Every structure is written in structure tokens, then in C-alpha cells.
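Note that the numbering runs from 1 along the sequence shown for the chain. All heavy atoms count here, side chains included; hydrogens, waters and symmetry mates do not. Just so it is clear, the model here is predicted, and its values are computed rather than measured.
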Amino acid sequence: MQWIANICFLTIVLLVVACLPSSKNSTNTLPSGAWIGFFKIDSPKHSNPTHIPFRMQIDGDTLIYFDNGSERIKTIDVFLSVDSLHLTMPVFGSSLEARLQNDTFHGVWSSQAKESYHIPFYAVRSIEKKALDLKPLPKRWKVQFSPLDDPGDGILLLQVDEFGIATATVRTETGDYRFLEGSYDGTELSLSAFDGAHIFYLQAQFDGEKLQGGFWSGKHWYETWIANPNDTFTLRDPDSLTFLSEPLAFQFPNVNGNTISLNDPMFDDKVTIVQITGSWCPNCMDETRVLVDMYKKYQKDGLEIVAIDFELKDDFSNFQQCVYRLQSDLGVTYPVLFGGLANKKEAAKKIPMLNHIMSYPTMILLDKNKEVKQIHTGFNGPSTGELYRTFIDELASNIEELLAS
């Protein structure tokens, strides 16, 4: 990819910065403007490191944004001292620590959800792109991941502008890949995303008929993929993928350690949404934003929502910290319960009346008699455009109909 090649001469230095004082007490300022960063991923399947791009915008010494297509993520807790920077990503609580040297940031991203999970990165000032004379690419593709093994299907929704800037998402039956952004130069397509929880990177060559390349997810996952233009391929109905074999029941502790059950009075004669979720899951957080709005709008009319949270650490104190971030960063006011470890097979044992837990999130809508009216697997988030807006409208309509009955 040309824009990576242009900076391959840079020496990558990883300097992990320890505790830094608050920028409020500092007279230093960060160099404002647009920056292009690269996570350096070592993969056992590749002899050379993979450089996964991300976009960063600095506005003074306390405002830093990360951009994925039309999504803008505002960071919190930005600390600056001399030439050292520490910031915390909202919702997921991951952190970036870096030092500025010769107009280049060198640092490391650390995930709080996983043990000893660190990825080095560097960032340089972004260069303005020039318009290209490109033949338009199709906008809708059928995708097969690991096509030579047990392929998983998806739908690539793609847009490329006159500058070769590409924006996209990939829809699958367990959720979408959210906001992807990158470049297309006539033969090579590059798409990536960084949201504080996931680092995604899709790279492919276009041979005039199909796209074929590799998909990286952080430093732990790589697989091949192939895509062909297809305007008719569809995924299965997300309301048909998960079902109950007997009435729903659950009993889990809330953030205060008090056991909450579906038989508690708070759910009596209420339309209830049960959200199976994880605070580490970006698709879940997209759904949570929708449910927060629904709760504000319909709680007074008799809607109750409860989340059953499965975390990457089977630790109650970690769960408490995750809930506090959901309350602070997303405005969650409905109860969140601790289901345990986010292993799908183990989680399914905790709610055995479900045929499986195919995806985080899974949403269960109950009427006032606690009878299931809808089980929605996965989530098509805001990057899917019309599908996302349709889901919100249909959910609101279903809630209103059940409240009125």
C-alpha cells in the first residue's frame, strides 16, 4: 500500500510511558492537526510485521479524536507531560501511551479487557490526498472468510470516492464490522478500524472480477477472504437464529452483589428487554446506545431493560469497573447483571433454555406476561445505514405495541 510504503523508512521505537501528570497542570501543548498512525502486528504466518493504519486528530492538549469513516471517537482522560502522552479510550477503558520524537509518536496500545495485551504503534502527520482517476468498484459484495476451510459468509458494503478513500462495513450473522476506512488505488484495497476494543484490517487485491486478500483482528487472528460482486445474496433473518426450548429464567448478581431474577417484582406486568452482552464488544455497545434511548423514552410507560453481562475476565470486581464505565460513558441506568466468563458454550449453560448463544449481543423481547415475542441475534449497527435505522424503528414499534396490549 503506497501510503504505508511512504513511511517505511521510519525507525520504530517502542517506549512505554509510566504514570504521567495531568495535562491541566502542564504548559505543554500537543501538535494539533491530522495524524496517521500504524499498529505494528507480528504474525506467525507472515515474515514481516503488518502495519495497520488508523486516523487520529489532535485539537490542543486535551482533545484527541480517532476517526473511522464517519465515526468520531472522543478520548477521555488525556494527560500530557513534556513530550509524553497518555490517554484512555471511552467505554472500553483501553489506553495509549506514547512519546513524541522528531514529529513522530512512538508508543503502545494496551487493552484492559485482556491480560498482557499490548500492541506497539507509531504516528506521523497525515498527508493530503490527491484525486485519482479510478474506475468505480461495485458497492455490494458477497464475502467468504477462510474460503478453503469452513467458509463464513458476509456482505461487504463499499464506497470509494474520487480520492481513492474507501469506507465500508462487513455484515455477518453475528454482527457488523462497524466503520471501516482505508484506500483503493485501482488494484489494492485496504480497510481498517480502531475503536478502542478492536483493531481490524482487511487487505485485498482486485483482479477486475473479485477481491482476494487477508483479514487481521488484533494480534491474535488472521484469515483469508474472497469477495465477489453480488446484489442479491442475503443473510439469514436475525430473528430466526436463536430460540427458547422452555420459558426464560435467570438469576444473576447486579453490580452491588444483589441477586436479580426475572421473577422479581420489578419485571411484573412490564414489557421487558433482556440483553445478553459484553462490555468488551463494540456491536454490544452500539446496541446498548439504542437501548439507553429506548429506556429513556418508554420506561415511564412500563418498559424494563436488564443486561446480562459476560466478561473476558471471570472476576466480579472487574465486572463492577466495566459497569461503572457503561454508566459513565453510555448513560446506562437499567440494571446490569454479571453472567460470568464470555465463553459462548459456558454462557449458554447459564441460560440453558436458549438453543445457543450464537452472538454477543443477543436481545430477547418479552411481553407483560413474560412470553417471548422476539429474539434478535447479533446487531446491525450505525455503519449499516438503512438497516440500522430500520431496526430502531421496528423495535420502537414493537415496544409500543406490547405496551399498549
Side-chain angles (χ1 to χ4, degrees), residues 91-94 110-117 173-175 196-198 217-218 220-221 238 241-264 266-267 272-292 295 304-330 332-366 370 372 375-379:
V91 183
F92 306 109
S94 65
S110 302
S111 171
Q112 305 305 310
K114 304 173 185 178
E115 295 290 345
S116 301
Y117 196 88
E173 290 183 344
T174 57
H198 288 161
S217 177
H220 66 283
W221 185 258
L241 302 177
T242 307
F243 56 85
L244 288 173
S245 59
E246 56 186 276
L248 180 65
F250 59 78
Q251 185 171 292
F252 297 105
N254 66 9
V255 71
N256 298 316
N258 301 320
T259 299
I260 302 296
S261 164
L262 187 58
N263 293 323
D264 288 350
M266 66 181 294
F267 301 112
T272 301
I273 293 175
V274 179
Q275 181 194 29
I276 299 173
T277 185
S279 72
W280 46 270
C281 161
N283 288 141
C284 300
M285 298 303 96
D286 284 337
E287 182 183 75
T288 295
R289 291 180 177 92
V290 173
L291 295 184
V292 165
Y295 200 51
E304 192 55 67
I305 299 177
V306 58
I308 303 174
D309 179 54
F310 292 90
E311 287 297 329
L312 298 180
K313 298 178 183 178
D314 192 7
D315 177 80
F316 190 76
S317 61
N318 173 72
F319 158 73
Q320 290 177 310
Q321 294 302 313
C322 294
V323 173
Y324 296 151
R325 287 200 300 268
L326 295 180
Q327 293 170 339
S328 172
D329 297 349
L330 296 183
V332 173
T333 57
Y334 52 80
V336 181
L337 315 182
F338 186 41
L341 191 64
N343 176 290
K344 290 182 180 179
K345 290 184 179 180
E346 293 302 314
K349 294 178 183 178
K350 302 288 187 71
I351 315 176
M353 62 287 305
L354 289 175
N355 64 318
H356 57 199
I357 293 180
M358 179 178 173
S359 174
Y360 298 100
T362 297
M363 185 194 73
I364 306 170
L365 178 62
L366 308 173
K370 301 177 184 176
V372 173
I375 303 180
H376 190 87
T377 302
F379 191 71

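- The structure places CD1 of I308 at 5.5 Å from CD1 of I276, a figure rounded to the nearest 0.5 Å.
- When all heavy atoms of E287 and G378 are compared, the pair lying nearest together is OE2-O, 4.3 Å.
- With sequence neighbours left out, the side chain to side chain donor-acceptor pair (under 3.5 Å) criterion links T362 to no other residue.
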Go through it in stages, so that I can follow the logic: the residues are T277 and M285, the test is side chain to side chain contact (heavy atoms under 4.5 Å, CB included), and I'd like the CA-CA distance, side-chain angles, deciding distance and then a yes or no.
CA-CA 8 Å; T277 185; M285 298 303 96; 4.0 Å; yes
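- The side chain to side chain donor-acceptor pair (under 3.5 Å) test applied to S359 returns no partner, not counting sequence neighbours.
- For the ring-ring contact (aromatic ring centres under 6.0 Å, His included) test, residues two or more places apart in sequence or in another chain that qualify with Y360 are W280.
- The side chain to side chain contact (heavy atoms under 4.5 Å, CB included) test with F243 is passed by exactly one of T377, N355, L354: N355.
- Shown here are the side-chain contact (heavy atoms from CB on, under 4.5 Å) partners of P247, two or more places apart in sequence or in another chain: there are none.
- The two residues Q327 and V332 come nearest to each other via the heavy atoms CG-O, 3.4 Å.
- Residues forming a ring-ring contact (aromatic ring centres under 6.0 Å, His included) with Y334 (at least two apart in sequence, or on another chain): Y295.
- E173 is listed as a side-chain neighbour of M358, based on a closest heavy-atom distance under 4.5 Å.
- Contact of the V91 side chain with the R289 side chain is registered, since non-hydrogen atoms from C-beta on lie closer than 4.5 Å.
- Between the side chains of Q275 and T288, a donor-acceptor pair is found at a separation under 3.5 Å.
- When atom types are taken as modelled, the side chain of N254 and the backbone of N256 share a donor-acceptor pair closer than 3.5 angstrom.
- Expressed to the nearest 0.5 Å, how far CZ of F252 lies from CZ of F310 amounts to 5.0 Å.
- With sequence neighbours excluded, the residues that form a side-chain contact (heavy atoms from CB on, under 4.5 Å) with E346 are N343, K349.
- For E115, the salt bridge (Lys or Arg N to Asp or Glu O under 4.0 Å) partners at least two apart in sequence or on another chain are K313.
- Contact detail for V290 and F379: the closest heavy-atom pair is CG2-CZ, 3.9 Å.
- Side-chain contact between H376 and P361 is absent, with no heavy atoms from C-beta onward closer than 4.5 Å.
- Considering only residues two or more places apart in sequence or on other chains, K345 meets the salt bridge (Lys or Arg N to Asp or Glu O under 4.0 Å) condition with none of them.
- Residues K114 and S111 form a side-chain contact, since some pair of their non-hydrogen atoms from C-beta on lies under 4.5 Å apart.
- From L248, atom CG reaches atom CE of M353 across 6.0 Å, with rounding to the nearest 0.5 Å.
- L312 CG to Y117 OH: the interatomic distance, rounded to the nearest 0.5 Å, is 11.0 Å.
- Residues forming a side chain to side chain donor-acceptor pair (under 3.5 Å) with D315 (at least two apart in sequence, or on another chain): S317.
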Candidate pair I273 and E304, rule side chain to side chain contact (heavy atoms under 4.5 Å, CB included), full reasoning
CA-CA 6 Å; I273 293 175; E304 192 55 67; over 6 Å; no
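- Residues V336 and V255 are not in side-chain contact: their nearest non-hydrogen atoms beyond the backbone lie 4.5 Å or more apart.
- For the atom pair CG of D309 and CG of L326, the computed distance is 7.0 Å after rounding to the nearest 0.5 Å.
- Closest approach of L241 and H356 over heavy atoms only: O-NE2, 2.9 Å.
- With 3.5 Å as the limit, one finds a donor-acceptor pair spanning the side chains of E311 and S279.
- Taking each heavy atom of A347 and L341 in turn, the nearest pair found is CB-O, 4.4 Å.
- D264 contributes a side-chain N or O that, together with a main-chain N or O of S261, makes up a donor-acceptor pair within less than 3.5 Å.
- Scored by the side chain to side chain donor-acceptor pair (under 3.5 Å) test, T272 finds no partners at all (sequence neighbours excluded).
- Residues that satisfy the side-chain contact (heavy atoms from CB on, under 4.5 Å) test with K370, not counting sequence neighbours, are L262, N263, F267, D268.
- The line from CZ of F250 to CD1 of I364 is 8.5 Å long, rounded to the nearest 0.5 Å.
- Taking K350 as the reference, nothing meets the salt bridge (Lys or Arg N to Asp or Glu O under 4.0 Å) condition, with sequence neighbours excluded.
- For the residue pair G340 and D314, the shortest heavy atom distance occurs at CA-OD1, 3.9 Å.
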